[in-house]
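Just so you know, ligand 1 is whichever comes first in the structure, and atom 1 is the first atom listed for that ligand.
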Amino acid sequence: MDKLSVDHLLGIKYLNANDIDLIFKTADHFKEVINRPIKKVPSLRDITIANLFFENSTRTKLSFELAEKRLSADVINFSAGQSSVKKGETLIDTVNNILSMKVDIVVMRHGNVGAGVFLSKQVNAKIINAGDGTHEHPTQALLDSYSIREKLEKVKGKKILIVGDILHSRVALSNIFALQLQGATVKVCGPTTLIPKYISSLGVEVETNLKKALEWCDVANVLRVQHERMDIKYFPSTREYTQLFGINKQILDSLDKKIVIMHPGPINRGVEITSDVADSDQSIILNQVENGVAVRMAVIYLLAQQIKR
Ligand code: CP
């Protein structure tokens, strides 16, 4: 059987093109499964998975839990807000207590960059990074590329624009790595204050004029302004941000082609994207969410195959 080249899913930067191909082929199978009347397979009946969320989440948390249940794994959920972390318990103590309950796979979202890598060196379980601070969100990038592949038949050769708060986005970095591995070209667009200085070293061009950027691309992946990660003011006002970088129907209709619109969620309607665009037939936002379950089933299944029993 084909195997992943990695022992954990800590970031897209640790994967190669064959890994992504294998994940997508496996996800194709699971997408067919979750569209059956009985949406469940017995593949992971002997596997226990802990979902550890130290930061808020709606989509990723629910999507992982559903993916695990569709694979028949036993699932335990942990949210830091209702836990003994509030009483001062450390990450390692928290995780070791959970692992002593015989957990095989840990899915973790954490506010600190590198939290998944740290954990993978400390504990004897498979680790899946569900977002570490402003660093990586690998399953989001995988489901994004999978959704582009589904909509446009392939990712190779496509021009993908990432618009918005690139500086604070783990989705942007993981998408850049994933798209480039598959042969796409990536540009970013946003206020210069929200574009990291190192972006050109990743082979990514910057376009600060939204209309020009949209005219260039096949797909625009629109990101949320992450106010919660900002300790200073990066642009004068939300109104000005929306005027210069907001995606609305008027600007899309002014293009001479119909581009695909994506957003990882959660959406700030009326800020980075208007409702008529988010809910339009150009948008594949809900397809991204649907595909997230199949892609996460694939990642969990492939990592679980490596567990020695
Ligand atoms: N896309 C994403 O990570 O959304 P959540 O923060 O709701 O999980």
Side-chain angles (χ1 to χ4, degrees), residues 9-12 23 27 49-70 75 77-82 105-116 127-148 150-151 160 162-179 188 190 194 219-230 247 260-269 271-273 277-279 283-300:
L9 181 62
L10 301 173
I12 301 290
I23 291 167
I49 305 179
N51 298 315
L52 312 188
F53 279 74
F54 293 85
E55 264 193 354
N56 293 346
S57 169
T58 298
R59 274 147 296 274
T60 311
K61 191 162 180 275
L62 292 177
S63 179
F64 266 112
E65 188 173 347
L66 196 56
E68 292 151 6
K69 288 180 171 168
R70 298 272 191 250
V75 179
N77 290 306
F78 164 92
S79 293
Q82 289 96 48
I105 300 177
V106 173
V107 174
M108 185 171 75
R109 170 167 290 189
H110 201 282
N112 290 350
V113 169
I127 310 296
I128 300 176
N129 178 6
D132 61 327
T134 57
H135 182 221
E136 280 228 39
H137 191 349
T139 56
Q140 180 68 45
L142 290 168
L143 73 89
D144 288 345
S145 286
Y146 186 85
S147 302
I148 294 170
E150 183 178 70
K151 182 73 180 176
I160 316 295
I162 306 177
V163 189
D165 181 357
I166 315 296
L167 186 68
H168 299 103
S169 175
R170 52 195 173 208
V171 174
L173 196 58
S174 286
N175 260 273
I176 289 166
F177 292 142
L179 292 164
V188 295
L194 289 178
V219 177
N221 194 353
V222 187
L223 304 182
R224 182 174 68 87
V225 175
Q226 300 200 29
H227 290 288
E228 74 277 16
R229 297 195 199 277
M230 295 182 185
I247 308 290
V260 176
I261 300 294
M262 303 175 70
H263 194 306
I267 298 173
N268 280 324
R269 287 177 181 259
V271 179
E272 71 270 3
I273 191 168
V277 173
D279 303 330
S283 158
I284 59 165
I285 294 170
L286 292 180
N287 305 74
Q288 292 171 256
V289 178
E290 181 187 342
N291 289 333
V293 177
V295 167
R296 290 182 172 115
M297 284 173 82
V299 167
I300 295 163

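Judged purely by distance below 3.5 Å, without hydrogens or angles, the side chains of Glu150 and Asn291 pair a donor atom with an acceptor atom.
Among protein heavy atoms, the minimum distance from atom 2 (C) of ligand 1 is reached at Thr60 OG1, 3.4 Å. Looking only at heavy atoms of the protein, atom 1 (N) of ligand 1 is closest to Pro264 O, 2.8 Å. Ranking protein heavy atoms by distance to atom 4 (O) of ligand 1, first place goes to Arg59 NE, 3.1 Å.
If you check each of Arg170, Arg224, Gln288, His137 against atom 3 (O) of ligand 1, the one with the closest non-hydrogen atom is His137.
Residue-to-ligand polar distances place Arg109 within reach of ligand 1: an N/O pair is separated by less than 3.5 Å.
Scanning all heavy atoms of the two residues, the minimum distance from Met262 to Ser147 falls at CE-CB, 4.4 Å. In this structure, Gln288 and Leu143 approach most closely via the heavy-atom pair O-CD1, 3.2 Å.
Residue contacts with ligand 1: Glu55 is excluded, as none of its non-hydrogen atoms falls under 4.0 Å.
Cation-pi geometry between Arg109 and Phe53 is not met at under 6.0 angstrom from the ring centre and within 45 degrees of the axis.
Between the side chain of Ser169 and the backbone N or O of Val171, at least one donor-acceptor pair lies under 3.5 Å.
For ligand 1, the atoms closer than 4.0 angstrom to any heavy atom of Gly265 are 1 (N), 2 (C), 4 (O). Below 4.0 Å from some heavy atom of Thr58 lie the following atoms of ligand 1, by number and element: 5 (P), 7 (O), 8 (O).
Under 4.0 Å is where a charged nitrogen must lie from a carboxylate oxygen, and between Glu65 and Lys61 no such pair does.
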